Peer 1: 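My structure is below; once you've seen it, I'll send some questions.
All chains are named by letter (A, B, ...) in the order of the sequence lines, taking the proteins before the strands, and each is independently numbered beginning at 1. Owing to the predicted nature of the structure, the values given are computational and were not obtained by experimental measurement.
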Protein chains: 2
Amino acid sequence: MAGKEAKGADGGAKGGSNKGKKKEVKKETGLGLTNKKDENFGEWYSEVVVSGEMIEYYDISGCYVLRPWAMSIWEIMQEFFDAEIKKMKIKNCYFPLFVSPGVLEKEKDHVEGFAPEVAWVTKSGKSDLEVPIAIRPTSETVMYPYYSKWIRGHRDLPLRLNQWCNVVRWEFSNPTPFIRSREFLWQEGHTAFATKEEADAEVLDILELYRRIYEEFLAVPVIKGKKSELEKFAGGLYTTTVEAFIPNTGRGIQGATSHCLGQNFAKMFEINFENEKGEKAMVWQNSWAYTTRTIGVMIMVHGDDKGLVLPPKVAATQVIVIPVPYKDADTQGILDACAATVKTLSESGIRAEADFRDNYSPGWKYSHWEMKGIPLRIEIGPKDLANKQVRVVRRDNSAKSDIPMDSLVEKVREVLDEIQQNLFSVAKQKKEACIKVVKTWEEFLEALSQKKLILAPWCDEEEVEKSVKERTKGEMGAVKTLCSPFDQPELPEGTLCFASGKPAKKWSYWGRSY
Amino acid sequence: MAGKEAKGADGGAKGGSNKGKKKEVKKETGLGLTNKKDENFGEWYSEVVVSGEMIEYYDISGCYVLRPWAMSIWEIMQEFFDAEIKKMKIKNCYFPLFVSPGVLEKEKDHVEGFAPEVAWVTKSGKSDLEVPIAIRPTSETVMYPYYSKWIRGHRDLPLRLNQWCNVVRWEFSNPTPFIRSREFLWQEGHTAFATKEEADAEVLDILELYRRIYEEFLAVPVIKGKKSELEKFAGGLYTTTVEAFIPNTGRGIQGATSHCLGQNFAKMFEINFENEKGEKAMVWQNSWAYTTRTIGVMIMVHGDDKGLVLPPKVAATQVIVIPVPYKDADTQGILDACAATVKTLSESGIRAEADFRDNYSPGWKYSHWEMKGIPLRIEIGPKDLANKQVRVVRRDNSAKSDIPMDSLVEKVREVLDEIQQNLFSVAKQKKEACIKVVKTWEEFLEALSQKKLILAPWCDEEEVEKSVKERTKGEMGAVKTLCSPFDQPELPEGTLCFASGKPAKKWSYWGRSY
């Protein structure tokens with residue numbers, strides 16, 4: 001199970017320090033993961049995020065240190081998404097971390113969804129606060145009192161704001177780096193429109209950006225769809241989602257969600273406006289978010305027994321150049337060629353670095369950078385120097401080839417594009433191989449035992465989803481709907497729900513999930 | 001006093017909403033601030049940050065909503081600073097918001113400096129936490145256990161990390177938007193070097209970036225200098241600072257600080273490395289930060305009785321284009337010319353918008369955008385259309401001129417540069433006019449009563465600074481050293497300390513401060 005943390009990971013700071021000392025020794029005597037992705041996935045994941053230098057475990061359970069290697073991935077996605085939403089005239093703002101209880105509790109369904117996970121500040125220094133203050137688990141109730149203030153007439157609409165921030169959800173089940181952490185980074189967009197049509201359209205525009213983050217940047221295939229009533233955002237009207245799937249565990253994972261909140265919050269927070277006819281009307285609202293979870297999904301999908309595998313588009317360093325000097329070789333010439341290679345690539349906008357450390361062997365460096373998932377390795381030895389070429393080795397499929405120095409940039413760019421494409425294709429094939437269409441409860445149980453991503457005709461009744469959850473709960477966790485895909489296969493008349501036997505209304509993906 | 005919040009500002013969300021309704025009425029019946037900068041500065045400030053749409057007061061005292069108009073300034077500075085530190089090979093990361101008590105309390109001087117302001121989480125949902133958890137007031141103790149883990153040998157140095165995040169200091173004195181808030185945004189850099197020389201050099205490199213943020217972006221003159229022992233960072237070796245000055249209140253304000261931590265934290269957190277000779281050594285560390293306070297200083301320095309005055313370099317919108325249609329005029333022609341003007345400017349990288357709202361008069365719009373501090377206003381009326389020109393009006397000095405359409409971009413760019421320069425020059429003149437050199441206690445008291453920025457010869461003894469604080473404390477707050485400027489005037493032999501009469505060792509700036 002991915003949820004389990006590495007042994008000893010929750011030790012104190014001192015413990016962390018000792019662990020480090022142990023690791024260092026290991027580092028110098030040999031590299032490699034002790035766990036295998038196919039054998040014990042949870043342990044493999046816990047190990048790869050640390051050995052790949054993405055994460056350090058922290059002395060507070062469920063909190064993690066995001067190291068530069070992870071942070072740079074977040075920043076690359078942020079740069080893309082931030083520019084896209086600014087094109088849509090969405091503006092950034094920053095609302096407080098703290099929420100007063102009265103405001104937090106204003107929308108009933110919403111607060112019920114979040115209340116058990118809310119962290120409360122009750123003291124400052126040695127004094128008790130007069131009233132406990134909540135830390136935002138999300139900012140609907142923080143922001144909407146101001147929407148009520150700022151929105152008066154139709155000319156104030158749409159109001160489209162976003163913030164990049166941290167939120168806290170004090171969950172107790174299975175903390176997992178990136179995937180389920182008590183504090184995480186995200187963006188949260190909060191928008192208000194005069195009409196439902198505009199809100200509906202934005203929900204999908206944003207969902208498409210989320211799809212692009214997963215598919216174009218992280219090379220992770222996702223399914224666009226709608227959440228069931230049971231699984232939708234607490235207090236909202238409907239929730240759309242991009243769902244990813246982890247073949248190794250047979251679990252779905254919610255990638256990012258774009259919610260239409262309808263007019264429910266508008267009612268509670270009195271967000272009204274005078275429309276063009278001079279009548280009082282209520283706004284239609286959306287909220288949408290993606291989180292650092294994206295990075296975890298990417299690691300789970302692409303990583304292998306040698307470590308991380310990063311798609312070139314999000315890798316802080318896309319190419320690592322490693323000198324391979326032999327005895328009696330022209331070492332200086334090789335080092336110079338490495339430096340020149342980095343310079344040429346960098347000047348063309350390819351993110352390249354050289355590893356000139358003299359206390360590690362080339363072989364150690366290969367393993368080290370494989371562990372970190374660098375998309376492409378360039379080796380330069382005496383033979384390469386003589387032949388005016390470099391040796392390139394792909395991280396995704398270990399393929400090796402020689403590239404003439406004089407077509408370096410062009411070829412490297414080609415290979416990086418191929419890696420990006422290949423990672424996506426392979427992941428997509430694997431995912432599609434896991435999809436199993438079932439029509440009956442028996443088929444459903446069989447597919448579940450085979451870790452399939454199950455597509456089944458469903459009557460779309462809440463009670464039926466609850467009963468499926470009830471009937472499947474156990475050690476592995478209950479099965480629920482992942483989403484009802486926008487891309488619906490044909491549903492012949494008379495098709496029955498796999499679970500209830502009632503007439504089916506739609507196809508839905510089902511599975512255990514993170 | 002700037003510290004006082006606007007009346008009723010701390011009302012609940014509901015109250016906030018009502019206030020909005022009141023404001024809206026005012027908005028439609030007339031604009032303008034009710035307070036004057038020279039008459040009641042504190043009230044003026046509280047009013048201008050809200051009316052200029054930078055801030056909304058929040059229902060938790062000391063927390064504020066940063067509206068897009070403020071956030072975009074933060075983002076522009078962030079883009080500059082982030083690119084500069086990346087050039088210096090400093091990498092971004094993200095450490096948790098939460099700190100366990102044991103780690104927080106590890107460095108004694110440091111924790112003493114922050115303990116009274118620490119907010120504590122003691123509950124999640126309805127359950128008490130086993131151990132209370134602190135919210136970071138700064139991240140030295142959060143990060144350094146990992147520095148101890150990551151740093152082994154001299155090849156791991158320098159280690160240079162930065163994070164953009166929120167921190168919480170639960171202060172009870174005088175919450176003021178941007179200037180003193182319980183949660184604020186900042187960057188915090190934390191670096192470790194093999195030698196003191198490298199650390200010393202970085203302290204100044206970063207301080208220079210802070211100077212550039214103030215002087216080149218915010219057009220606010222600052223004094224670079226060193227903090228006294230009493231005023232330095234808790235637990236550090238020495239603190240350098242860029243100090244700004246608010247003439248209206250005669251108060252200094254710490255703009256941003258770059259600290260050399262020496263080896264104190266290294267000792268506490270055991271951050272050791274093997275040097276090139278194979279000997280065990282301790283690292284030298286720095287930490288440095290600037291915060292959203294920068295925006296408050298800029299508002300205090302440049303704002304006037306009409307509202308905010310934004311330097312062009314940080315204004316989200318640099319130019320507002322306002323159509324001035326008259327009866328019987330070619331309204332469509334005017335609107336088209338406005339749109340074309342925005343298009344031309346935008347395509348040249350000038351941030352321009354048009355205000356086409358049809359329910360406000362041009363005069364109302366002028367006031368509105370003056371309140372928001374837009375650097376340049378362009379008016380286009382029938383006469384301008386006929387003459388193929390636009391009328392431009394500067395926010396900083398109200399100067400008006402006509403610009404031929406065919407040299408629009410060139411001239412607008414020129415004027416924006418002039419505004420940026422002029423804001424800085426005027427602020428610098430005002431600040432310099434406030435500097436008063438004193439040699440005796442009597443001169444010191446007189447200068448203080450005249451709200452001067454006092455430069456005095458000082459013996460540099462901690463006890464003397466304490467005694468000055470003691471002797472000046474009262475309603476207005478005690479006087480302390482602001483900094484000892486790097487740019488030291490000559491100190492003739494035999495010069496005595498203004499406060500103790502002992503031989504003076506340096507010149508120091510003194511004053512009340514924020």
Peer 1: So what's closer than 4.5 Å to chain A heavy atoms on B:Pro116: side chain, backbone, both or neither?
Peer 2: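 Backbone of B:Pro116 only, per the 4.5 Å heavy-atom cut-off to chain A.
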
Peer 1: Crowded around A:Lys86 NZ? As in, over 12 foreign heavy atoms under 6.0 Å?
Peer 2: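 Count over threshold, so yes.
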
Peer 1: So, B:Arg152 and B:Glu274, do they make that salt bridge, N to O below 4.0 Å?
Peer 2: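 Looking at B:Glu274 together with B:Arg152, the answer is no, because their closest N to O distance does not fall below 4.0 Å.
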
Peer 1: When heavy-atom pairs shorter than 4.5 Å are enumerated against chain A, which of B:Trp69, B:Trp120, B:Phe98, B:Phe95 gives the highest number?
Peer 2: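 Most heavy-atom pairs under 4.5 Å with chain A: B:Trp120.
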
Peer 1: In terms of heavy-atom pairs under 4.5 Å, which option from B:Thr292, B:Val131, B:Leu161, B:Val142 contacts chain A the most?
Peer 2: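 Top option by heavy-atom pairs under 4.5 Å: B:Val142.
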
Peer 1: Considering only heavy atoms, which portion of B:Ala115 lies under 4.5 Å from any heavy atom of chain A: side chain, backbone, both, or neither?
Peer 2: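 Interface part for B:Ala115: backbone (N, CA, C, O).
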
Peer 1: Of all the residues in residues 183-191 of chain B, which have a heavy atom that comes within less than 4.5 Å of a heavy atom in chain A?
Peer 2: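 B:Glu183, B:Leu185 fall under the 4.5 Å cut-off.
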
Peer 1: Does this structure show an ion pair linking B:Arg182 with B:Glu171, if we count only N-O contacts that are shorter than 4.0 Å?
Peer 2: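 Looking at B:Glu171 together with B:Arg182, the answer is no, because their closest N to O distance does not fall below 4.0 Å.
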
Peer 1: Quick one: are the ring centres of B:Tyr64 and B:Tyr57 less than 6.0 Å apart?
Peer 2: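 Judged by ring-centre distance (under 6.0 Å), B:Tyr64 and B:Tyr57 do meet the cut-off.
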
Peer 1: Using a strict 4.0 Å threshold on nitrogen-to-oxygen distance, state whether B:Asp355 and B:Lys365 make a salt bridge.
Peer 2: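 Yes, B:Asp355 and B:Lys365 are salt-bridged.
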
Peer 1: Between A:Asn92, A:Asp82, A:Val118, A:Leu129, which shows the greatest number of heavy-atom pairs under 4.5 Å with chain B?
Peer 2: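 The answer is A:Asn92.
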
Peer 1: For A:Ser100, is it the side chain, the backbone, both, or neither that has a heavy atom closer than 4.5 Å to a heavy atom of chain B?
Peer 2: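 Both backbone and side chain of A:Ser100 come within 4.5 Å of chain B.
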
Peer 1: Based on non-hydrogen pairs under 4.5 Å, which of B:Glu75, B:Lys91, B:Lys126 is most in contact with chain A?
Peer 2: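 Counting heavy-atom pairs under 4.5 Å, the top option is B:Glu75.
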
Peer 1: Locate the shortest heavy-atom distance separating A:Ile135 from B:Ile135; write the atom from each residue and the value.
Peer 2: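 So the minimum-distance heavy-atom pair works out to CD1-CD1, 3.8 Å.
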
Peer 1: Would you call A:Val65 and A:Ile55 a side-chain contact if the rule is heavy atoms closer than 4.5 Å?
Peer 2: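 A:Val65 does not reach A:Ile55 side chain to side chain.
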
Peer 1: Any side-chain heavy-atom pair from A:Leu66 and A:Met54 closer than 4.5 angstrom?
Peer 2: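 A:Leu66 does not reach A:Met54 side chain to side chain.
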
Peer 1: What orientation do A:His368 and A:Trp364 show, parallel under 30°, tilted 30 to 60°, or perpendicular over 60°?
Peer 2: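 Ring orientation, 0 to 90° scale: parallel.
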
Peer 1: Which of parallel (below 30°), tilted (30 to 60°) and perpendicular (above 60°) describes B:Tyr58 and A:Tyr146?
Peer 2: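 Parallel.
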
Peer 1: Report, in residue-number order, which members of residues 163-170 of chain B are under 4.5 Å from chain A by heavy-atom distance.
Peer 2: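 B:Asn166, B:Val168, B:Trp170 fall under the 4.5 Å cut-off.
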
Peer 1: Identify the two heavy atoms, one from B:Ile76 and one from B:Ala315, that lie closest to each other, and give their separation to 0.1 Å.
Peer 2: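 Closest approach of B:Ile76 to B:Ala315: CD1-O, 4.2 Å.
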
Peer 1: Under a 4.5 Å heavy-atom cut-off, does chain A meet the side chain of B:Ser72, its backbone, both or neither?
Peer 2: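 Answer is neither: B:Ser72 stays 4.5 Å or more from chain A.
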
Peer 1: Taking side chain as C-beta onward, heavy atoms only, is B:Val103 less than 4.5 Å from B:Pro145?
Peer 2: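 Yes, close enough: below the 4.5 Å cut-off.
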
Peer 1: Please tell me if the side chains of A:Trp150 and A:Asp156 come closer than 4.5 Å, counting only heavy atoms from C-beta onward.
Peer 2: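 Answer no - side chains too far apart.
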
